[in-house]
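Below you'll find the structure, written out as structure tokens, and then a few comments.
Keep in mind that this is a model prediction, so the values were computed, not measured. The chains referred to below are lettered A, B, ... by the order of the sequence lines, with proteins before strands, and numbering in each begins at 1.
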Amino acid sequence: MICPAKPDSVEFSEKILHFYKQNKRELPWRENPEPYKIWLSEIIMQQTRIAQGTKYYLNLLEKYPTVFDLAKAEEQEILYHWQGLGYYSRARNLHATAKVISEKYAGKFPHTYKELKNLKGIGDYTASIILSVCFDEAIPAVDGNVLRVIARIFGIEEAVNKTDGAKKIKTIVSDKISRTQPGDFNQALMDFGAMICTPKSPQCIQCPFVPECFALQHNAIDRLPLKIKNKPPEELFLYYFVFTDKQNRTAIKKRQKNIWKGLFEFPSVISPKKLNEKNLFSQFHKNYPDVPSFELSPIPPYQKHLLSHKKLHIAFLEISGTFTPTDNYILVNQQDLSRYPFPIVLKKYIEKKQGNLLFTDKQ
DNA sequence: TTCCAGGCCG
DNA sequence: CGGCCTGGAA
């Protein structure tokens with residue numbers, strides 16, 4: 001007896017591929033998908049909106065047309081081009097992997113999941129998308145969009161940001177994935193999630209899965225996918241000391257660890273609690289005993305800056321005086337600050353300050 | 001003003 | 001499983 005193919009499996013894949021054919025987003029790295037471009041774009045697009053990431057993709061591809069160019073570059077230069085994109089470990093890992101690809105693999109990306117995953121910055125999702133899009137391997141690439149789409153259509157009640165829920169979803173996609181066009185299938189699911197099955201107010205009116213969608217039938221669109229909330233971020237007070245000496249120089253230093261690792265910052269005092277001027281001043285001199293004493297002006301208003309796990313309150317103290325460089329501090333001319341990679345809050349502060357300087361110069 | 005989305009690493 | 005960043009939406 002002949003066993004008919006599971007109708008729903010064929011149908012799911014056909015529906016999503018049909019959607020993709022009609023609605024595929026035209027993205028620069030999709031035009032002619034080489035592994036280098038797919039990899040570069042995927043690393044950039046992790047945790048990033050397409051609109052923001054595309055600018056960085058085009059710029060980085062222009063600066064580094066091949067994996068060899070990227071491998072040859074200085075890490076600091078890559079971080080410079082990465083400024084403002086956040087999650088800077090992606091840029092450091094990008095560089096490390098470019099070196100491995102160009103040296104160990106002669107510039108060609110490996111074709112196995114295991115080898116790809118061993119490369120820094122390439123996790124399950126990115127390995128899978130490279131394999132399916134570039135090498136036609138039928139392996140599911142599950143990103144946040146896919147988690148949402150599958151959780152809704154198939155009624156997955158487990159939290160999708162926990163191992164159980166994610167595993168369940170991966171199993172479903174493994175079953176549904178098109179064996180003939182796995183790359184298109186994976187990208188189709190993500191586009192569908194980004195365009196139709198959106199986090200808030202999804203466009204169910206345009207959805208081809210209305211008849212079978214669990215969430216729609218059970219009035220669970222707002223409930224699914226379930227996510228367990230993280231604990232609220234810890235508060236942190238960050239005091240930056242922006243020195244201007246007689247030669248118009250400012251002290252900066254590369255961060256060695258934790259937040260913004262690899263980027264530059266000013267001498268600082270960090271405290272879990274708000275400090276008054278007296279405590280701040282003594283804390284500063286404890287951190288930098290060699291720096292001559294100076295007049296401390298009142299603490300200016302704090303700027304809030306939210307990270308996923310920390311709530312920063314930042315104050316910039318502008319000091320007229322000399323900073324004696326200790327450990328890795330360097331003295332940089334004010335107008336050259338923009339050559340160094342800074343976190344976005346500092347970059348904006350510097351730009352504003354330089355704008356002010358230009359303005360006062362013209363007076 | 002707050003809330004939230006989005007993969008990888010150690 | 002906690003740490004890592006930013007900008008856009010609510």
Can you tell me how far C1' of dG7(C) sits from CD1 of I344(A), to the nearest Å?
10 Å

Rounded distance (Å) that lies between atom C1' of dC5(C) and atom CD of Q46(A):
13 Å

Which of residues 181-194 of chain A sit near DNA chain B, with a heavy atom under 4.0 Å from it?
none

Heavy atoms only, 4.0 Å cut-off, all strands: where does I122(A) land among base, sugar-phosphate and nothing?
sugar-phosphate

Sequence neighbours left out, what passes side-chain contact (heavy atoms from CB on, under 4.5 Å) with E137(A)? Give chain and number order.
L131(A), I139(A)

So, S271(A) versus Q283(A): side-chain donor-acceptor pair below 3.5 Å or not?
no

When you look at CZ of R339(A), are more than 12 heavy atoms from neighbouring residues, nucleotides or ligands closer to it than 6.0 Å?
no

Apply ring-ring contact (aromatic ring centres under 6.0 Å, His included) to F68(A) and list each qualifying residue two or more places apart in sequence or on a separate chain.
none

Which pairs, protein N/O on one side and nucleotides 8-10 of chain C N/O on the other, fall under 3.5 Å?
none

Sugar-phosphate, base or nothing in reach of T126(A), heavy atoms under 4.0 Å
sugar-phosphate

Side-chain donor-acceptor distances from residues 321-330 of chain A under 3.5 Å, at least two apart:
from	atom 1	to	atom 2	distance (Å)
T324(A)	OG1	D290(A)	O	3.3
D327(A)	OD2	K253(A)	NZ	2.7
Y329(A)	OH	Y288(A)	OH	2.9

I'd like to know if R30(A) pairs up with E26(A) as an ion pair, taking the criterion as any Lys NZ or Arg NE/NH1/NH2 lying under 4.0 Å from an Asp or Glu carboxylate oxygen.
no

By salt bridge (charged side-chain N to carboxylate O under 4.0 Å, His left out), which residues pair with E115(A), not counting sequence neighbours?
none

With a 4.0 Å cut-off on heavy atoms, is K347(A) in touch with a base, just the backbone sugar-phosphate, or nothing at all?
nothing

Write out all pairs satisfying side chain to side chain donor-acceptor pair (under 3.5 Å) with one or both partners inside residues 48-63 of chain A, taking only residues at least two apart or from two chains.
T48(A)-R90(A)

Which donor-acceptor pairs under 3.5 Å do side chains of residues 295-316 of chain A form with protein atoms, sequence neighbours excluded?
from	atom 1	to	atom 2	distance (Å)
Y302(A)	OH	Y239(A)	OH	2.7
H313(A)	NE2	E235(A)	OE1	2.6

Polar pairs (N or O, both sides) under 3.5 Å between protein and nucleotides 2-4 of chain C?
from	atom 1	to	atom 2	distance (Å)
dC4(C)	OP1	I259(A)	N	3.4
dC4(C)	OP2	H309(A)	NE2	2.0
dC4(C)	O5'	H309(A)	NE2	3.1

Residues in side-chain contact (heavy atoms from CB on, under 4.5 Å) with K104(A), at least two apart?
V100(A)

Donor-acceptor side-chain pairing of Y87(A) and Q46(A) below 3.5 angstrom:
no

Between atom NZ in K261(A) and atom P in dC5(C), what is the gap in whole Å?
10 Å

Where chain A begins and ends its contact with DNA chain B, read 5' to 3' at 4.0 Å from heavy atoms
dC4(B) to dC9(B)

I314(A) CD1 to dC5(C) C1': how many Å, rounded?
12 Å

For K24(A), is the NZ atom crowded, meaning more than 12 foreign heavy atoms sit under 6.0 Å from it?
yes

Tell me every residue that passes side-chain contact (heavy atoms from CB on, under 4.5 Å) with N118(A), counting only those two or more places apart in sequence or in another chain.
none

So what does L119(A) hit on the nucleic acid, given a heavy-atom distance under 4.0 Å: a base, only sugar-phosphate, or nothing?
sugar-phosphate

